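Input: a single structure, listed below in structure tokens.
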Amino acid sequence: MADITITLPDGSTRDVPKGTTAGEVAASIGRGLAKAALAATVDGEVIDLDRPIEHDASIAIVTPDTPAGREVLRHSTAHVLAQAVTDLYPGAKYAIGPAIEDGFYYDFELPDDARFSDEALGRVEARMREIVKADQPFERSEVGRDEGLAQFADQPYKRDIIEKVDASEIGASEVGEGTVVSLYRNRRNPTGGDGGDAFVDLCRGPHVPSTKRLGAFKLTKVAGAYWRGDEHGPMLQRIYGTAWESKQALEEHLHRLVEAEKRDHRRLGAELDLFSFPEEIGSGLAVFHPKGALVRKIMEDYSRQRHEAGGYSFVNSPHITKSNLFETSGHLDWFADGMFPPMTLDEGGGGVGTKYYLKPMNCPFHILIFRSRQRSYRELPLRMFEFGTVYRYEKSGVVHGLTRVRGMTQDDAHIFCSKEEMAGELHSLLIFVLELLRDYGLNDFYLELSTKPPGKGVGTDEEWEEATDALRAAAQAMGLELTLDEGGGAFYGPKISVQARDAIGRTWQLSTIQVDFQLPQRFDIEYVGADNERHQPIMIHRALFGAIERFFAILLEHYAGAFPMWLAPVQVTVLPVADRHDEYAVQITDRLRSQGFRTEMHDAHTDTLGARIRDAKMQKVPYVLVVGDDDIEHGTVGVNERGSDEPRRGVPVAELVDQLTTAAAARA
RNA sequence: GCCGGGGUAGCUCAGCUGGUAGAGCAGCUCACUCGUAAUGAGCAGGUCAGGGGUUCGAGUCCCCUCCCCGGCUCCA
């Protein structure tokens with residue numbers, strides 16, 4: 001039999017007989033590698049270890065402690081989950097069960113509309129451990145489409161996937177190509193003859209050689225999920241789990257979850273007394289407490305300052321309006337679901353009355369300001385800025401802390417400019433956005449460009465193309481990673497969104513910059529050009545924070561509650577050691593306050609020094625000062641800087657003030 | 001909106017199969033006056049989310065509404 005040449009990751013090559021399996025290649029390299037191997041990458045495609053290699057190829061062995069290895073492990077664990085569920089719930093239908101970030105899930109439909117309870121998770125997990133122990137091999141086979149349909153005669157979701165395989169990408173990724181589908185089966189009695197199939201799934205693979213290779217997993221939660229993500233389709237029962245290459249990696253993952261929970265903005269909001277959601281007000285409606293409102297004010301003040309310098313005009317508009325405004329804007333046609341229902345006023349004899357709506361967006365108001373008189377090209381670009389509070393009737397299941405609320409304030413602006421100005425305006429706008437966000441401590445961004453949705457969209461193709469090109473050019477000029485969201489734009493224009501990664505690597509959509517072809521038309525706004533003709537301006541919507549509430553939450557989590565000096569609601573806490581030091585402590589406090597530092601004093605009457613230090617530390621105050629006899633004598637303070645557990649004694653007050661001044665100016 | 005889990009003192013939670021509500025922390029008062037992450041004692045605090053029902057009796061069982069949590073769908 002002819003030999004083939006395989007190339008290993010280190011560049012070395014070896015000749016092996018055609019049909020050698022990836023597992024055999026691993027064994028030929030080393031026993032340890034063979035033992036660790038889960039799958040193999042052959043010419044970039046991850047396949048099972050027992051699949052023969054038929055031609056020259058680059059091959060890499062996939063081990064558990066790699067991203068590819070974990071994916072195989074998680075996917076295989078999902079199969080074990082499905083087997084456990086079908087064992088415990090005869091008649092259960094299984095749908096899809098992919099690996100996801102940090103874990104996996106599997107969707108089921110249980111007989112008689114049964115549901116998983118939290119206790120059921122424990123039983124399922126116990127059954128999974130039995131399956132792992134049983135050391136069932138994963139066996140791949142390929143069958144024709146019809147045979148596949150027959151195999152899953154009583155599995156409607158699998159049949160659906162096979163039937164839609166040619167039409168749907170999801171299907172293709174599940175089963176492979178063409179009219180052949182691949183199956184993976186686990187046999188009940190791997191060693192002692194044919195005990196029949198324990199579980200067969202439609203799957204592209206690859207999988208670990210046998211279930212005993214799994215083990216460091218844990219089922220985490222049950223949830224509902226729509227079949228194929230369609231909210232009009234059936235609701236399935238989903239079980240989520242996490243799986244890792246070792247017990248230790250699993251423990252570390254669980255520990256990370258605990259740490260992430262500690263920086264949850266809802267928790268920090270209560271602990272640091274920043275905001276709350278009184279039940280009396282209603283879902284998704286926050287109140288900001290003094291410290292939270294102070295942080296928010298600092299955020300807003302700085303933003304105003306930057307906008308003023310950036311050539312924006314400040315405007316204001318009311319929270320409610322007669323319905324005709326949103327009829328003209330089209331919001332009642334395409335955004336009515338997101339709006340609070342109207343209140344009807346002045347129902348006189350006729351009982352007709354006038355409907356007023358809470359505004360879900362600020363744009364129509366700004367347009368009315370533009371339209372309040374005739375505009376000249378000399379005024380363009382006209383940039384109107386407002387911290388505009390809007391209300392959106394979010395569906396009850398989606399409200400979430402400050403990141404998804406029903407009442408929020410946008411740092412909203414609308415830029416009216418000529419067609420010719422658009423590209424330059426977008427370019428400078430993007431620079432403005434990124435600079436501002438960096439000032440708030442976010443540094444890791446990527447951009448996303450959303451283009452015309454297929455089959456719909458106002459404006460001509462040329463207009464779309466021009467605006468999209470201008471957005472793309474502006475984005476590319478930033479030198480950041482740019483992803484394409486093909487067809488993801490709104491029907492009224494393309495957009496760029498700025499995505500930011502926070503301190504623990506989560507990404508958040510922040511700023512959106514949206515070109516709008518529709519509203520200028522609907523409101524028929526125009527300006528007089530240098531040619532003395534009337535022209536329709538281009539309109540750009542943009543919000544940099546998105547919503548202040550959300551941005552507040554993102555910063556709070558980004559900093560884990562430890563706001564940098566310039567944002568910290570309390571910058572300095574002064575602690576006299578004993579009552580006799582009060583007078584000196586007051587002097588220090590007054591001096592720092594007069595220099596503009598937000599300073600509090602907690603006297604010795606309230607608690608021991610240790611307790612007061614602990615309190616201030618837990619409130620994440622950047623500087624905790626302790627003053628006692630020595631300090632009075634020498635005109636110094638004891639300085640506890642946040643993040644350091646070594647206090648400095650005897651620091652001259654002038655030196656402290658210098659340090660505080662530097663820290664506050666650093667904006668970081 | 002949909003699926004699942006919840007709502008007991010300001011916070012975190014206990015309260016078995018229905019039999020008259022409890023702890024820690026926080027708060028207040030008093031004592032302590034202390035040099036770097038919790039001093040001690042005492043006091044006060046709850047229409048058990050709200051409403052209806054079953055029952056001799058409901059925090060506990062049933063129904064409705066509100067609110068929260070985890071997902072799905074949607075989104076700043």
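Small disclaimer: the values here were computed from a predicted structure and weren't measured. Worth knowing before you read on, the calculation uses all heavy atoms, side chains too, and leaves out hydrogens, waters and symmetry mates. Chain A is the first sequence line, chain B the second, and so forth, proteins listed ahead of strands; every chain is numbered from 1.
- A:F552 and A:F288 have perpendicular rings, their planes meeting at more than 60° on a 0 to 90° scale where under 30° would count as parallel.
- For A:M408, the listed nucleotide lying nearest its side chain is B:A76; candidates were B:U39, B:A76, B:G1.
- Protein atom NE2 of A:H265 is 12 Å distant from nucleotide atom P of B:C68, rounded to whole Å.
- Comparing B:C32, B:G35, B:A37 against the side chain of A:K617 picks out B:A37 as the nearest.
- Between the P atoms of B:G35 and B:C28, the separation comes to 24 Å (whole Å).
- For A:F104 and A:Y106, the ring centers sit 6.0 Å or farther from each other.
- Taking the C1' atom of each, B:U60 and B:G15 are spaced 9 Å apart, rounded to whole Å.
- When rounded to the nearest whole Å, the span between CD1 of A:I239 and C1' of B:G5 equals 15 Å.
- The same atom, C1', is picked in B:A21 and in B:C48; the two are 8 Å apart, to the nearest Å.
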Pairwise N/O distances under 3.5 Å, protein to nucleotides 44-50 of chain B:
none

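- Residue A:R266 is in sugar-phosphate contact alone, with no base atom involved, counting any heavy-atom pair closer than 4.0 Å across all strands shown.
- Among the heavy atoms of the strands lying under 4.0 Å from A:A611 are primed sugar atoms or P, OP1, OP2 only; no base atom is included.
- Judged by closest nucleotide on RNA chain B, A:D645 is the one of A:G282 and A:D645 placed further toward the 5' end.
- Residue A:Y393 is the one, among A:N640 and A:Y393, whose nearest nucleotide of RNA chain B lies closer to the 5' end (criterion: closest heavy atom).
- With A:E557 as the partner, the salt bridge (Lys or Arg N to Asp or Glu O under 4.0 Å) test is satisfied by one option alone out of A:R506, A:R266, A:R267: A:R506.
- Nucleic acid contact class of A:D630 (heavy atoms, under 4.0 Å, all strands): base.
- Separating the C1' atom of B:C69 from that of B:G27 is a span of 28 Å, rounded to the nearest Å.
- Computed from coordinates, the A:L272 CG to B:C11 C1' distance equals 14 Å when rounded to whole Å.
- Comparing B:G45 with B:G57, their C1' atoms sit 27 Å apart, to the nearest whole Å.
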Give me, pair by pair, the N or O atoms of the protein and of nucleotides 71-75 of chain B that are less than 3.5 Å apart, along with how far apart they are.
{"from": "B:G71", "atom 1": "O3'", "to": "A:Y240", "atom 2": "OH", "distance (Å)": "3.1"}
{"from": "B:G71", "atom 1": "O2'", "to": "A:Y240", "atom 2": "OH", "distance (Å)": "3.3"}
{"from": "B:G71", "atom 1": "N2", "to": "A:G224", "atom 2": "O", "distance (Å)": "3.4"}
{"from": "B:C72", "atom 1": "O4'", "to": "A:G224", "atom 2": "O", "distance (Å)": "3.1"}
{"from": "B:C72", "atom 1": "O2'", "to": "A:Y226", "atom 2": "N", "distance (Å)": "3.1"}
{"from": "B:U73", "atom 1": "O2'", "to": "A:E231", "atom 2": "OE2", "distance (Å)": "3.1"}
{"from": "B:U73", "atom 1": "O2", "to": "A:K395", "atom 2": "NZ", "distance (Å)": "3.1"}
{"from": "B:C74", "atom 1": "O2", "to": "A:R404", "atom 2": "NH1", "distance (Å)": "3.2"}
{"from": "B:C74", "atom 1": "O2", "to": "A:R404", "atom 2": "NH2", "distance (Å)": "2.5"}
{"from": "B:C74", "atom 1": "N3", "to": "A:R404", "atom 2": "NH1", "distance (Å)": "3.0"}
{"from": "B:C75", "atom 1": "O2", "to": "A:R404", "atom 2": "NE", "distance (Å)": "3.3"}
{"from": "B:C75", "atom 1": "O2", "to": "A:R404", "atom 2": "NH1", "distance (Å)": "3.2"}

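- Both distances falling under 3.5 Å, in either a Watson-Crick or a G-U wobble arrangement, place B:U29 opposite B:A41.
- Between A:T512 and B:A76, a side-chain N or O to OP1/OP2 separation shorter than 4.0 Å is absent.
- Nucleic acid contact for A:I613: base, since at least one base atom lies under 4.0 Å from a heavy atom of the residue.
- We find that CD of A:E109 is positioned 19 Å from P of B:C2, with the value rounded to whole Å.
- The nearest whole Å value for the distance from the CG atom in A:D629 to the P atom in B:C34 is 8 Å.
- Per the geometry, CD1 belonging to A:I632 stands 12 Å off C1' belonging to B:G35, to the nearest Å.
- Taking the six-membered ring where tryptophan is involved, the planes of A:Y492 and A:H541 are tilted, since the angle between them lies from 30° to 60°.
- Side-chain contact annotation: A:T389 with A:T409, donor-acceptor N/O pair under 3.5 Å present.
- The same atom, P, is picked in B:C75 and in B:G19; the two are 50 Å apart, to the nearest Å.
- Nearest to the side-chain atoms of A:A547 among the listed nucleotides B:A76, B:A37, B:C3 stands B:A76.
- Remark: A:D629 engages A:R580 in a salt bridge, criterion side-chain N to carboxylate O under 4.0 Å.
- Between the C1' atoms of B:U65 and B:C25, the separation comes to 33 Å (whole Å).
- Residue contacts for A:E549: at a heavy-atom cut-off of 4.0 Å it reaches no nucleic acid atom on any strand shown.
- Counting non-hydrogen atoms under 4.0 angstrom, A:G407 reaches nothing in the nucleic acid.
- The base-pairing partner of B:A23, taking Watson-Crick or G-U wobble contacts with both distances under 3.5 Å, is B:U12.
- Spacing between atom CG of A:D615 and atom P of B:A37 amounts to 14 Å, rounded to whole angstrom units.
- Side chain A:D631 to base B:G35: a donor-acceptor pair is found below 3.5 Å.
- Ring orientation note: the planes of A:F326 and A:F365 are nearly perpendicular, at an angle over 60° on the 30°/60° scale.
- Contact annotation: A:R267 side-chain N/O to B:C11 OP1/OP2 distance is not under 4.0 Å.
- One finds no side-chain N or O of A:T608 lying less than 4.0 angstrom from the OP1 or OP2 phosphate oxygen of B:C34.
- For A:H605 against B:U33, a side-chain N or O and a base N or O form a donor-acceptor pair under 3.5 Å.
- Closest non-hydrogen pair, A:T86 versus A:A92, comes out as CG2-O, 4.2 Å.
- Between B:G35, B:U39, B:C69, one nucleotide has an atom nearer to the side chain of A:D607 than all others, and that is B:U39.
- Among the nucleotides B:A38, B:A76, B:G35, the one closest to any side-chain atom of A:V405 is B:A76.
- For A:K297 and A:E300, the salt-bridge test fails: no basic side-chain N is under 4.0 Å from an acidic carboxylate O.
- Residue contacts shown for A:G610 are limited to sugar-phosphate atoms, with no base heavy atom under 4.0 Å away.
- A salt bridge between A:R256 and A:D102 is absent, with no side-chain N of the basic residue lying under 4.0 Å from a carboxylate O of the acidic one.
- Nucleotides B:G1 and B:C64 are separated by 15 Å at their P atoms, to the nearest Å.
- For A:D301 and A:R304, the salt-bridge test passes: some basic side-chain N is under 4.0 Å from an acidic carboxylate O.
- Atom C1' of nucleotide B:G70 and atom CG of A:L257 are separated by 13 Å, given to the nearest angstrom.
- The side-chain tip of A:R406 points at the ring of A:Y393 from less than 6.0 angstrom away and within 45° of straight on.
- For the residue pair A:D631 and A:Y584, no side-chain donor N or O sits within less than 3.5 Å of a side-chain acceptor on the partner.
- Backbone-only engagement by A:S283 is indicated by non-hydrogen atom pairs under 4.0 Å involving sugar-phosphate atoms exclusively.
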